[in-house]
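A short write-up of the structure that comes next.
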Amino acid sequence: MDNSFQRDQLDNQILSALMEDARTPFAELAKRFSVSAGTIHVRVEKMKQAGIITGAQITVNPKALGYDVCCFIGINLKSAGDYPSAIAKLNALDEVVEAYYTTGNYSVFVKVMCQSIDGLQHVLINRIQSIDEIQSTETLISLQNPIVRAVKP
């Protein structure tokens with residue numbers, strides 16, 4: 001990873017365009033930004049080497065796949081030393097889609113996606129709360145997700 005890389009306006013424009021549609025051909029970006037396709041390629045490669053671009057992925061609609069319940073679970077660990085083991089166990093659960101090591105009321109905050117409230121209850125009681133390193137949990141069910149966006153370059 002190149003930490004000395006300095007983005008400029010063209011890099012930010014390329015990032016914005018690729019974040020909107022990662023499949024945009026470099027030739028199309030070159031026309032849009034009045035540069036050569038080679039320039040776009042070089043800029044993208046430099047941003048990859050700098051760790052700014054880490055990949056491209058398809059975004060799916062969880063509801064269309066049957067995942068109707070989104071919740072956030074605040075987790076208190078028994079001790080700070082339990083963090084690596086607890087994270088490894090949480091990582092093994094497909095329903096845990098994000099995890100954050102946090103300050104404040106919780107040691108770890110996770111986002112969980114389930115197909116139903118019954119499914120959430122099963123995951124919570126039989127999978128998450130049964131992890132030895134976890135002292136307690138608090139679950140917040142999401143009613144809607146009105147804002148979803150990536151950071152702006």
Side-chain angles (χ1 to χ4, degrees), residues 1-26 29 40-41 43-153:
M1 186 183 323
D2 178 9
N3 292 328
S4 65
F5 181 79
Q6 296 293 313
R7 291 186 335 266
D8 63 14
Q9 183 178 359
L10 177 58
D11 295 319
N12 290 339
Q13 290 173 321
I14 294 167
L15 280 174
S16 292
L18 292 176
M19 289 170 66
E20 188 173 312
D21 183 359
R23 297 177 302 173
T24 306
F26 287 179
L29 294 175
I40 300 294
H41 176 77
R43 297 289 187 114
V44 168
E45 287 304 312
K46 285 183 178 181
M47 287 187 279
K48 285 180 182 179
Q49 290 172 3
I52 295 168
I53 296 176
T54 59
Q57 56 192 162
I58 293 173
T59 303
V60 297
N61 178 348
K63 286 194 179 283
L65 295 175
Y67 290 88
D68 290 327
V69 178
C70 172
C71 72
F72 299 90
I73 302 174
I75 298 172
N76 290 308
L77 300 175
K78 290 179 180 173
S79 75
D82 289 334
Y83 173 74
S85 176
I87 287 297
K89 291 175 182 178
L90 289 165
N91 191 40
L93 305 179
D94 290 337
E95 296 85 0
V96 176
V97 296
E98 294 180 30
Y100 300 89
Y101 192 32
T102 61
T103 63
N105 292 334
Y106 307 108
S107 306
V108 178
F109 206 70
V110 296
K111 179 178 178 181
V112 172
M113 297 294 298
C114 293
Q115 294 184 329
S116 66
I117 291 293
D118 289 339
L120 171 60
Q121 181 178 346
H122 172 77
V123 168
L124 188 59
I125 294 170
N126 300 314
R127 302 187 77 199
I128 294 176
Q129 291 176 339
S130 68
I131 294 173
D132 290 334
E133 294 82 355
I134 293 178
Q135 178 179 328
S136 63
T137 64
E138 181 178 0
T139 303
L140 304 150
I141 295 176
S142 172
L143 300 177
Q144 60 177 230
N145 186 5
I147 300 171
V148 177
R149 62 177 161 231
V151 298
K152 291 189 178 204

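Model, not experiment: these values are computed from the prediction. Just the heavy atoms: all of them, side chains too, but no hydrogens, waters or symmetry mates, feed the values below.
When all heavy atoms are compared, the tightest approach of M113 to P62 is CE-CB, 3.5 Å. Counting all heavy atoms, side chain and backbone alike, T137 lies closest to Q129 at OG1-NE2, 2.8 Å.
A 4.5 Å side-chain heavy-atom check between K63 and D68 finds at least one atom pair inside the cut-off. Proximity of D11 to K46: side-chain heavy atoms (C-beta onward) are nowhere separated by under 4.5 Å.
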Just distance, no hydrogens or angles: give the donor-acceptor pairs under 3.5 Å from side chains in residues 88-101, sequence neighbours left out.
residue	atom	partner	partner atom	Å
K89	NZ	E133	OE1	3.0
K89	NZ	E133	OE2	3.0
E95	OE1	R127	NH1	2.8
E95	OE2	R127	NH1	3.2
E98	OE1	Y100	OH	2.4

Listing, residues 117-125 side-chain donor-acceptor contacts under 3.5 Å, not counting sequence neighbours, or none:
residue	atom	partner	partner atom	Å
H122	ND1	N126	ND2	2.7

Result block: side-chain N/O donor-acceptor pairs under 3.5 angstrom for residues 76-83, not counting sequence neighbours:
residue	atom	partner	partner atom	Å
N76	ND2	S136	OG	3.1
K78	NZ	D132	O	2.7
S79	OG	D82	OD2	3.3
D82	OD2	S79	N	3.2

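Summarising the geometry, atom CE belonging to M19 is positioned 12.5 Å from atom OG1 belonging to T24; distances are rounded to the nearest 0.5 Å. Taken from NZ in K152 to CG in L15, the straight-line distance is 13.5 Å, to the nearest 0.5 Å. Taken from CZ in R43 to CE in M47, the straight-line distance is 7.5 Å, to the nearest 0.5 Å. Distance check, rounded to the nearest 0.5 Å: CD1 of I14 to CG of L29 gives 7.0 Å.
Applying the side-chain contact (heavy atoms from CB on, under 4.5 Å) test between I75 and each of V108, T139, I131 identifies V108 as the sole match.
Surrounding OH of Y67 are at most 12 heavy atoms belonging to other residues, nucleotides or ligands under 6.0 Å away. Applying the 6.0 Å contact sphere to CG of L143 captures no more than 12 heavy atoms from other residues, nucleotides or ligands.
Applying the ring pair (Phe, Tyr, Trp, His ring centres under 6.0 Å) definition to pairs two or more places apart or across chains, none involves residues 129-153.
Ring-plane geometry between F109 and F72 is classed as parallel, the angle between the planes falling under 30 degrees on a 0 to 90 degree scale with a further cut at 60.
With sequence neighbours left out, the side chain to side chain contact (heavy atoms under 4.5 Å, CB included) criterion links S16 to P153. Applying the salt bridge (Lys or Arg N to Asp or Glu O under 4.0 Å) rule to R23 yields the partners D21; only residues at least two apart in sequence or on another chain are considered.
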